[in-house]
Each structure stands twice: as C-alpha cells, then as structure tokens.
Number of protein chains: 2
Amino acid sequence: MARAGQQAGLSRERVLRAAAAIADERGLAALTMRSLAESLGVEAMSLYHHVANKEAVLDGLVEVVMAEVEQAVAALDAPAPEDDWQSALRMRVLASREVLVRHPWAPGVFETRTGASLAVARYFDGVLGLMRRAGFSYELGHRALHALGSRALGFSQELFAPDGMEAPEEVMAAMAEEVPHLVAMVADASHGGAVLGWCDYQSEFEFGLDLILDGLERLREGA
Amino acid sequence: MARAGQQAGLSRERVLRAAAAIADERGLAALTMRSLAESLGVEAMSLYHHVANKEAVLDGLVEVVMAEVEQAVAALDAPAPEDDWQSALRMRVLASREVLVRHPWAPGVFETRTGASLAVARYFDGVLGLMRRAGFSYELGHRALHALGSRALGFSQELFAPDGMEAPEEVMAAMAEEVPHLVAMVADASHGGAVLGWCDYQSEFEFGLDLILDGLERLREGA
DNA sequence: ACCTGAACACCGTTCAAGT
DNA sequence: ACCTGAACACCGTTCAAGT
C-alpha cells in the first residue's frame, strides 16, 4: 500500500482501527506491532510516529470500544431516570454489552488499564448521573458503581464455564467424585433435554444485573 | 545451588512455589522462564523436565493459590448453611479474599484460564453444595454462581479507580467538565475530611457481596 | 515530517549433547 | 533421568539513515 519509502497515509486513528480489526478477526494475541504494521502495508517502525508504543495502542483500543459504546448509548430511547431508573440503566448496560460482545477481546484489555481511561470514566460518570437523577445520594451512587463493577459496562467475570461439562460420560463419572454438586446440577438441567450450551450467558448476565439493581432500588427508597 | 551440571533437586512443586514467590515479590510480568530458572539456581531449560511449558506454570499457579484458599476455608468456623447460609457463604468468600489479597497477581492469572482448573471447579462445587444445604434448587444455585462470578472467590473487577481522582486542583477543574458527577462525588465525600484513599475496597466489596446474597435469599425464600 | 533497515535486548521453546 | 549450551523464531523498541 505504501508508496515505496514514502507517505503511507498513516494516522493514529487508522492505526487504532486496524488494531481493533486484528483483535476482532484473529484475537488479541495476534496483535503485535509487526502484524499491525503489516496489515497497514507498512514497516513496524512507522507505527511509532503515530503511537508512542504498544501500551498506547491498547489505550487507544479502549477508546475505540468506548466510542462505539457511547454511540450505542446515545441511540437509546430509554425512560427518564426520574420515572424508571432501573429500566434506564438496564437498557444502557445491555446496549454497552452488545458492543462488548462484538469485541470479545475488550474485557481483557480493559482489565489491564484500570483507571487509565478518560473514556471509561466518562461512561461511569454517565451512570452516576443517571442514578443522581433517580435520587441516589453520592454515597449510595459510589457504592453502586463498585457493586456493579464491570457489569455496568456489560460484562462479568466467569471463572469457570460449567459448559465445559457436557463431557463424555466416563469423564463425568470421574468428575462426580471431585465436584458432585456441579455434576448433579448439570444432570438436573439436562432432564429437560439438550445440555449442550445450557448456559445462556445473556440471561444469566441479566439475572445478576437485575439482582443488583433491585437491591439498589431497595436501598434508595429506604434512604 | 545446582551441583554443577547435575541434580538440582527440582520438582514441579518447587518450581511452582518459586513462580508464586516471584509473582508475589516482583509482579507477574517479572515471571519468565528464565527468571524462574535463575531463582532456582538452574538453567531455563531444566524447567521443562518438570512443567510442560509456561502455560503449565500459570495453571500450576492457580493450583497453588487454590490450595491456600482451600486451607483457609477449611480452618473456618462457620455456621451450618441450614442455619445461616448467608453468614456461612460470606465467611467463605471473605476467607478466600484474604488469600487473593496476598497474591494481587492472582485475579489476572485466573482470568486467562477460565474453565481450565479443577481446583476452581472444586471451590465452586463447595459453594453450590452450601447453597443446596440452604435449600436452593439447582437452577437457582446455578444462577447464583453466575451472579456471584469472581466475587465468590473474593475479588471483583474494578474498571476505574476513582482513587486516582485526588489530583491537583487544576486537574480536577479540567476534569469537572468531562466527568462532573464523579468530581462532585469526590467533593461530596471529601467534606468529611481526607480524600486520600477514600475508597475502602474491602467494605465496598462486602457491600456488593451482601447486595447479591440478600437478593438471592429473597429469591430462595420466595421459591 | 514520515518511513525504513539493521540492530539490540529480550521472550518461549527445540534439539542435540552431556552426566 | 536430569541438566545444559547453543540456537531458532519470535517480541517491543532504539537509532541512524534515507526521502
């Protein structure tokens, strides 16, 4: 693409968009300065004229995702927080989740850049503002932000995937000794029919979210 | 340490303990096969006789931490779940948290090995067993595990640290335009006195945990 | 101002060789 | 069986040089 030895028309924005594309298509591990440069038809070292280093690329990736989130949130037709803050926040979180689901690598990147991003702070500021309009004190709002954590942005940390448990029967039998309750749980769920993919992550996410939102509402009206 | 060219007395366990020590003392980034070998007085390649590769070292690190968690949980004098499941689970989670707090690198490692670890599965099996004894259906127990997520093991994902906000006043002023509610929240909290370290992560964690536990109890008794 | 080639200091890992 | 030295194929990044 680059006219030999001259002007490749690079820019910070083009670099970041290319980085997001690589992460989307080939995973975060495939994103190296060299692969990024190659995808832009340029040598690795050219990138350093537009981003300080790889850390800056990852910071930029957060901005790219958050820009999409902001857009999705802006397009929302949510009730006024004064009328129904739970629906308003719920819609916002789920809109953000839709963006995050399109970029499965995003949570991993977010986790490593805690506190660094103004774009993320802006999002949480919006959530807090919504809660304020619903009558939250700053103190309760603060605690609410902590209680929601990454869930406010639409993702949660699953430490083990019981999905992995639709294993051959013999493996299940061996596991039954180590994790009897989990095995029984899967067995219980499979009475209905197919076990494969029995974890509906979307509905589990919404369950957890509503649990927290309901709890917060109780505290809000109690205050 | 190694008798030149012979018998360094290595073992999988010794390798993993050394790996945990490096992560504890110098951070996860400092843990390389070469640094690990050096800390054991051995060449990097010797490690491969005891662990398959670096991934296996990280898997082993999860085991090391989970062994500590199991020990902490076993030492607990908690009420029977039939009598007070919320206290029983709460104590378990906080015991696990104490271990995790001693190994700040652990959450980062856990996140990258979702579903791989039997030790983690065993922990969640225990949590589910506790809930079963408290009268949870498998279905509600399942949803509860998802709702708790990493919180069951004592940590939660904070995407931004409002702590970082006790900044010079001029920075605060500039930020006020971008994130007015967060700035006002900090200002509100600082009326009492010191802002520095105003986020008490332990109590915020417990707040979020109790919010979920209370919500689950309501569902349990409603069923 | 923007891009490049060669090089440096790292990685994880393989392989053939030592004892 | 266990440990090692040299090497390979990668990283991110620096630097001096090109246009």
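The basis for the numbers below is simple: all heavy atoms, side chains too, and nothing from hydrogens, waters or symmetry mates. Throughout, a chain's letter reflects where its sequence line sits, starting with A, and its residues are numbered from 1.
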Look at the side-chain N and O atoms of [X] and state whether any lies under 4.0 Å from the OP1 or OP2 oxygen of [N].
X	N	value
B/H50	D/dC3	yes
A/Y48	D/dT14	no
B/H49	D/dT4	no

Less than 4.0 Å between a side-chain N and a carboxylate O, is that true for [Y] and [X]?
X	Y	value
A/E63	A/R12	yes
B/R17	B/E13	yes
B/E43	B/R34	no
B/R122	B/E70	yes

When you get a sec, tell me which of [options] is the closest nucleotide to the side chain of [X]?
X	options	result
A/V42	C/dC11, C/dT4, C/dT13	C/dT4
A/R34	D/dG12, C/dC11, D/dC3	D/dG12
A/M45	C/dT4, C/dC11, C/dT14	C/dT4
B/E43	D/dG12, D/dT4, C/dC3	D/dT4

- Query: Base, sugar-phosphate alone, or nothing: which one does B/S46 contact when heavy atoms must sit under 4.0 Å apart?
  - Reply: base

- With heavy atoms under 4.0 Å as the rule, sort A/M33 into base, sugar-phosphate or nothing. sugar-phosphate

Starting at [atom1] of [X] and ending at [atom2] of [N], how long is that distance when rounded to a whole Å?
X	N	atom1	atom2	value
A/L31	D/dG12	CG	C1'	12 Å
B/L47	C/dC11	CG	P	13 Å
A/L36	D/dT13	CG	C1'	14 Å
B/K54	D/dC11	NZ	P	15 Å
A/E38	C/dT4	CD	P	13 Å

- Query: What is the pairing partner of C/dT19, taking Watson-Crick or G-U wobble pairs with both distances under 3.5 Å in any strand?
  - Reply: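 Pairing partner, where one exists within any strand: D/dA1.
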
- Could you tell me which nucleotide pairs with C/dT14 by Watson-Crick or G-U wobble geometry, both distances under 3.5 Å, or answer none if nothing does?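 Check on C/dT14: paired to D/dA6, both distances under 3.5 Å.
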
- Message: Looking at every heavy atom in both A/Y201 and B/H146, which two are closest together, and how far apart are they?
- Response: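 Heavy atoms of A/Y201 and B/H146 come nearest at CE2-CE1, 3.7 Å.
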
